[in-house]
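Chain letters run A, B, ... following the sequence lines, proteins first, then strands; residues in each count from 1.
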There are 2 protein chains.
Amino acid sequence: MAASESTRPHRTALAAPARTGTCSTCGARAASVCSAIEDHDLSRLEAVAETVRMAPGTVFITEGEPADRFLNITSGTAKLFKLLPDGRRQITGFADVGRFLGLAAADQYGFSAEAIDAVTACRFSRARLGQLIHDAPQLEARLLRIASTELAAAQEQMLLLGRKTALERVASFLLERDASVPVCLGSGSGVSLPMTRTDIADYLGLTIETVSRTLSTLRTRGLISIDRPTEISILLPDRLRALAAGEG
Amino acid sequence: MAASESTRPHRTALAAPARTGTCSTCGARAASVCSAIEDHDLSRLEAVAETVRMAPGTVFITEGEPADRFLNITSGTAKLFKLLPDGRRQITGFADVGRFLGLAAADQYGFSAEAIDAVTACRFSRARLGQLIHDAPQLEARLLRIASTELAAAQEQMLLLGRKTALERVASFLLERDASVPVCLGSGSGVSLPMTRTDIADYLGLTIETVSRTLSTLRTRGLISIDRPTEISILLPDRLRALAAGEG
DNA sequence: CGACGTGTTGAAAGCTATCAAACTTAGTGG
DNA sequence: CCACTAAGTTTGATAGCTTTCAACACGTCG
C-alpha cells in the first residue's frame, strides 16, 4: 500500500496506513473527529493515541466487554454487528475511513466489530478522551454531531429492515455504498463491495441466496452490471433510486 | 407531579401536566436532560422554553421540515416514525416522559412525531439550545449520553427487525415496555400499551394480524394474560425473556 | 340500538428462507 | 502453465413464516 505506485487503479491512496503517531499527516484526519482539533492541539492527541493494525477477520470490539477504549478508523473497512445466542447476526453498519467507534453511554460495548479487510485505527482510552474533550471542548460538539448522524442512519436502516422488500433493500444498499466512497476514480458509478454476500445479507436482514438472486434480478432488468462479485456498476441510477425509495 | 392523591391506582400522577414555565416544579425534570441543569440556572431555562400541549393524533414533528426546534416530553407518549411514499410506516421508537426530541445533525428532521395520547412538552428553538449549552456546558455531555443511549437502542431494534421472529419481536416489545414504565403501582408485571395494534405492528415490522395472533399465542402458552387490549400482564417473565433473547 | 373503530380469528397467497447442487474465483502446488 | 482445492457465489426446488384478504367479535359513542 505504499503510495509510491501512483499508477495503480484502485483505492491505494486511501489504503495508505497512517504513520504511527503523526496526526498531522494522518490521511483520515479530514474525515474524522480529529478535524475538530486545532493543529496546535494535535501534538497532545498524538501523545495519547496509539496506532493499531488488524488483519482481516480480527474481532477488535466485543459486545458486552468493558467499553474502555475508543478508536478511529484510519484505513480499511470494519463490520459492526450484534449476535443472538443461536448465531443469528445483524450487522448494524460498516465503518470506513474516519469512522469513530466506541460511543457508548453504557459501561459495555453494545456491539462487536470485525475487520473486513486490513484495518488500521487510532486508539485511545476512555479516560484520555475525557482529557481531550477538556482540552478541546469543540470535540464534544463534534461527537454529538457524529452520534446524531449515526442515529439518523440507524433510523433509516430500521425503515429498511422493517418495511422494505428485498429488492428495495439491495437497491438502497448499493446507493448507500456508492455514496460512501469518498473520491473514487472516474469509473462512473462503480460500487466496490469489500464485504461478502454473507455480510450484505446480515446487514439487510436477508439470506445470501436472496441477496444473490436480487442482484441477478437487478442485472437482468438492466439497472446494474456485476463486473465481479466485489465490483458492481450502477447503470440506471434514477431507476435504482426510485426502487430504493419504495416507488419502484 | 402532585403526590397528594397517593391512593389512585393508575399513572395519573405522571399524567399531570407540567405547570407552564416553572421548571423547578416540572415533574419530568428528573427524567430529562434538564436534570443536568443546576437549580440556579433553571430560571434561564424557563425564560427560553414554552410549554405546548398536543391532542392525541397531533403530528408535531414532520420529517423533512426544518429542524429548528427541540422539545422535551413532560407527559404522555408520542410515536416517532418514518414513511415510504406508498404509506408504509416504520415506527422507530416511542417517546415517554423525559424524552428529548429533535436531535439532528442535518437541517431537517429525519423523522415525524405524533402524539398517541395527550402530550405536553417543553419547547425551545435550536438557537436557544446553543445558548443553554453555552451557559451550562454539562448539558452537551448529557445530550451526547442521550444520543449514545438512543443509538444503542436503535441497534438493538435493528437486530429485532432484521433477525428475530414475530414471537421474539413481540416478547421483546412487551419486556421493553415493562421496563420503561417508571414507578408503576404494585401490579406485578402489568404492561400498559397506550398505542394501538397498528402502532405496535409498525414498530415491530409486522402486520396487526400477526401482532394479534402472536399475543394470542403467548396467552395460550401461559406467558401472558391479556386483561384488556391496552393492558397486558406478564405471567412468566423468565420464559418471555428467553423468547425475546432468541432462546425460546 | 346501531354505527364505527379496533381487535381477533380463519383461509389462502406470496415473499423469503431453507435445502441442495453447480459454478466461479482465488490461491497453491505439481 | 495448469490441475487442484477451498471459499464464495449463483441458481434451482421446496418449505415455511408472515402477509393478504375476509369475516366476526368487542367496546364506545352518538
Side-chain angles (χ1 to χ4, degrees), chain A residues 10 55-57 79 84 86-90 116-118 160-174 191-221 224-232 243 246 248, chain B residues 56-57 79 84 86-90 116-117 160-171 173-174 191-221 224-232 243 246 248:
Chain A
H10 296 307
K79 50 191 173 193
L84 288 173
D86 62 2
R88 278 175 288 173
R89 184 178 69 160
Q90 179 64 41
I116 291 178
D117 44 23
L160 180 149
L161 293 171
R163 289 303 182 212
K164 288 188 182 177
T165 66
L167 211 52
E168 291 163 353
R169 294 182 200 200
V170 171
S172 301
F173 172 72
L174 291 175
V191 183
S192 79
L193 306 174
M195 67 291 291
T196 65
R197 295 287 184 269
T198 302
D199 289 339
I200 298 174
D202 284 348
Y203 179 57
L204 299 179
L206 301 169
T207 60
I208 55 173
E209 294 94 333
T210 298
V211 170
S212 183
R213 263 187 265 273
T214 305
L215 284 170
S216 297
T217 300
L218 289 173
R219 176 172 46 72
T220 302
R221 295 192 188 176
I224 65 172
S225 74
I226 305 175
D227 310 324
R228 283 177 296 149
T230 61
E231 194 75 26
I232 287 177
L243 252 186
Chain B
K79 50 190 173 195
L84 288 173
D86 63 1
R88 279 175 286 173
R89 184 179 68 162
Q90 178 63 41
I116 291 178
D117 43 25
L160 179 148
L161 292 171
R163 289 303 181 212
K164 288 188 182 178
T165 66
L167 211 53
E168 291 163 352
R169 294 182 198 200
V170 172
F173 172 71
L174 291 175
V191 183
S192 79
L193 306 174
M195 67 289 294
T196 66
R197 294 287 185 269
T198 302
D199 289 338
I200 298 173
D202 284 348
Y203 179 57
L204 299 178
L206 301 170
T207 59
I208 54 174
E209 295 94 332
T210 299
V211 169
S212 183
R213 264 187 266 272
T214 305
L215 284 170
S216 297
T217 299
L218 290 173
R219 175 171 46 73
T220 301
R221 295 193 190 175
I224 65 172
S225 72
I226 306 176
D227 310 323
R228 284 175 297 149
T230 61
E231 194 75 26
I232 286 177
L243 251 185

Length of the CG-C1' vector between L218(A) and dT10(D), whole Å: 15 Å
Between dT24(C) (C1') and L215(A) (CG): distance, integer Å: 16 Å
Sidechain-backbone polar pair: R219(A) side chain, I226(A) backbone, donor-acceptor under 3.5 Å: no
Select from R169(A) and E209(A) the residue whose nearest nucleotide in DNA chain C is closer to the 5' end of that strand. R169(A)
I need the minimum non-hydrogen distance between K164(A) and S172(A), along with the two atoms involved. NZ-OG, 3.0 Å
Phosphate-side-chain proximity, R219(A) and dT11(D), N/O vs OP1/OP2 below 4.0 Å: yes
R197(A) CZ to dC23(C) P, straight-line distance once rounded to whole Å: 19 Å
Side-chain N or O of T210(B) less than 4.0 angstrom from OP1 or OP2 on dT19(D)? yes
Can you tell me the distance, in whole Å, between the CG atom of L206(B) and the P atom of dC15(C)? 18 Å
Does any N or O in the side chain of R169(B) come within less than 3.5 Å of the main-chain N or O of L161(B), such that one atom is a donor and the other an acceptor? yes
Rounded to the nearest 0.5 Å, the CG atom of D199(A) sits from the CG atom of L193(A) at a distance of 10.5 Å
Separation of L167(B) atom CG from dG16(D) atom C1', in whole Å? 15 Å
Using a distance-only criterion (donor-acceptor N/O pair, under 3.5 Å, no hydrogens), is the base of dT20(D) paired with the side chain of R213(B)? yes
Measure the distance from CD on E231(A) to C1' on dT9(D) and round it to the nearest whole Å. 16 Å
side-chain N/O S216(A) vs dT11(D) OP1/OP2, d < 4.0 Å: yes
Classify the nucleic acid contact of S212(A) as base, sugar-phosphate or nothing, counting any heavy atom under 4.0 Å across all strands shown. base
In whole Å, I'd like the distance from the CD1 atom of I208(B) to the P atom of dC24(D). 17 Å
Pick the nucleotide of DNA chain C nearest each of A166(A) and I226(B); which residue has the one closer to the 5' end? I226(B)
Distance check needed: dT24(C) P versus D227(A) CG, whole Å only. 17 Å
On a heavy-atom basis, which atom in E168(B) and which in L243(B) lie closest, and how many Å separate them? CG-O, 3.1 Å
